[in-house]
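Worksheet: the structure to be examined is printed underneath.
Start at 1 and go down the list; that is how both ligands and their atoms are numbered. Excluded from the calculations below are hydrogen atoms, water molecules and symmetry mates; all remaining heavy atoms, backbone and side chain alike, are included.
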Amino acid sequence: MIIRSDNGGFIHPFPEEITPQEAYLSRRNILRGIAASAAGWGLAQRQAFAQSHRPGALPAMSFVPSTAAGAVVMDKPTAYKDATTYNNFYEFGTDKSDPARRANTLKTDPWSVEIEGLVKKPGRYALEDLMKWGAMEERIYRLRCVEGWSMVIPWVGYSLADLIRRVEPQPGAKFVEFVTQADPKTMPGVRGGALDWPYVEGLRMDEAMHPLTLLAFGMYGEVLPKQNGAPLRLVVPWKYGFKSGKSLVKIRFTDKQPVSSWEKAAPQEYGFYSNVNPQVDHPRWSQATERRIGEDGLLAKKRKTLMFNGYEAQVGQLYAGMDLKKFF
Ligand SMILES: Nc1nc2c(c(=O)[nH]1)N[C@H]1C(S)=C(S)[C@@H](COP(=O)(O)O)O[C@H]1N2
Ligand SMILES: [Mo]
């Protein structure tokens, strides 16, 4: 895989990414004696980073820190610049730098989401209303792409479970299907055949109801940038990144397991579950290690990929007794 960045070279190693504000926070925390480790990146610092690291380009979001188990990972958050310039959003092209360059054409206002299928309160709901259906929380999650890179992003959103309870699924609803925006006029990739549009993903009902499954409206204290899936997207932290659909327009409750766009494109490579699993390789490459974006210096070591991306304590029981080689 070719590692590229906007400046045409390799991605900068971390020290170049420290902003004056981060340096200030870091000094302040050390002075207070809160800094937890020699690396200077303890829990207090991560939270200070996440809650203050506003790049200032987009409207601010208000939120409370999350109290959900596993909602704040112990890793240093990825620099905003990296998280917004190294993206997969095939509707805007297949190169990692395409979404940041092209997603400005996406029209996010007005926006609504259609809720349909086996649900007692179907309908088309405006974004402004949906945003009130849960308490906005900040969660610092790992996101690992099936391609072998990962980031740590402070998201703002609420548990998808809050939305699901609100619309009251019928007893027959066993899965949730997510359909994302596919507008050939504003999305150049949709005019091409990289995938069968619209982009579709799915979760089992218990996965969708898990408190860690986040409906995200913001990141780094601001509304989502378009290249990261504005105005709302899913973030399922224990699954490969492609399960986290961007720019959602439809949520459908169904009794049949949905067929995702990636399964349709290459069923032998991408299964329905797509749980992060270092023991089950992709047919063409290992999934045992990952490259953390921002640690791409020539001497940077790869990190070991963790079972369920490090969220095993929270989600392992969802898959108890399942053969994870078969249900990959
Ligand atoms: N609609 C849509 N959603 C998508 C994708 C996409 O191409 N289209 N790519 C997925 C993949 S492969 C990853 S790794 C994540 C990347 O999210 P990020 O750019 O915010 O890091 O978005 C996912 N959601
Ligand atoms: Mo991905």
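- A distance below 6.0 Å separates the ring centres of Tyr86 and Trp149.
- A salt bridge does not link Lys174 to Asp255: none of the charged side-chain nitrogens sits closer than 4.0 Å to a carboxylate oxygen.
- The aromatic rings of Trp285 and His282 sit parallel to each other, their planes meeting at less than 30°, with 60° as the upper class boundary.
- Taking the six-membered ring for Trp and the full ring otherwise, Phe242 and Tyr199 have centroids separated by 6.0 Å or more.
- When ring centroids are compared, Tyr125 and Trp133 come within the 6.0 Å threshold.
- Under the 4.0 Å criterion applied to side-chain N and carboxylate O atoms, Asp206 and Arg204 are assigned as salt-bridge partners.
- The protein atom (non-hydrogen) at minimum distance from atom 24 (N) of ligand 1 is Ser244 O, 2.8 Å.
- Scanning the protein for heavy atoms near atom 21 (O) of ligand 1, the closest one is Leu143 CD2, 4.0 Å.
- Annotation: Trp238 is not in aromatic contact with Tyr311 [ring centroid separation under 6.0 Å not met].
- Close placement of the Phe175 and Phe272 rings is indicated, their centers lying within 6.0 Å of each other.
- Near Cys145, meaning under 4.0 Å from any of its heavy atoms, are these atoms of ligand 1: 14 (S).
- The protein non-hydrogen atom at the shortest distance from atom 22 (O) of ligand 1 is Lys246 CE, 3.4 Å.
- Within the 4.0 Å heavy-atom cutoff, Gln181 does not count among the residues contacting ligand 1.
- Taking distance alone, with nitrogen or oxygen atoms compared against 3.5 Å, Asn228 approaches ligand 1 more closely than that limit.
- In summary, the atoms of ligand 1 found under 4.0 Å from a heavy atom of Thr180, numbered by their order in the structure, are 1 (N).
- The protein heavy-atom contact nearest to atom 7 (O) of ligand 1 is Tyr90 N, 2.8 Å.
- Proximity annotation for atom 5 (C) of ligand 1: of Phe242, Tyr199, Trp197, Tyr270, Tyr199 comes nearest, heavy atoms only.
- Heavy atoms from both the backbone and the side chain of Asn87 come within less than 4.0 Å of ligand 1.
- Regarding atom 8 (N) of ligand 1, its nearest protein heavy-atom neighbour is Glu91 OE1, 2.8 Å.
- Of the protein's non-hydrogen atoms, Asn88 O, 3.2 Å is the one closest to atom 9 (N) of ligand 1.
- The shortest contact between atom 15 (C) of ligand 1 and any protein heavy atom is with Gly241 O, 3.6 Å.
- Between Asn277 and Met307, the closest side-chain pair of non-hydrogen atoms falls below 4.5 Å.
- For atom 20 (O) of ligand 1, the nearest protein heavy atom (residue, atom name, distance) is Arg233 NH1, 2.6 Å.
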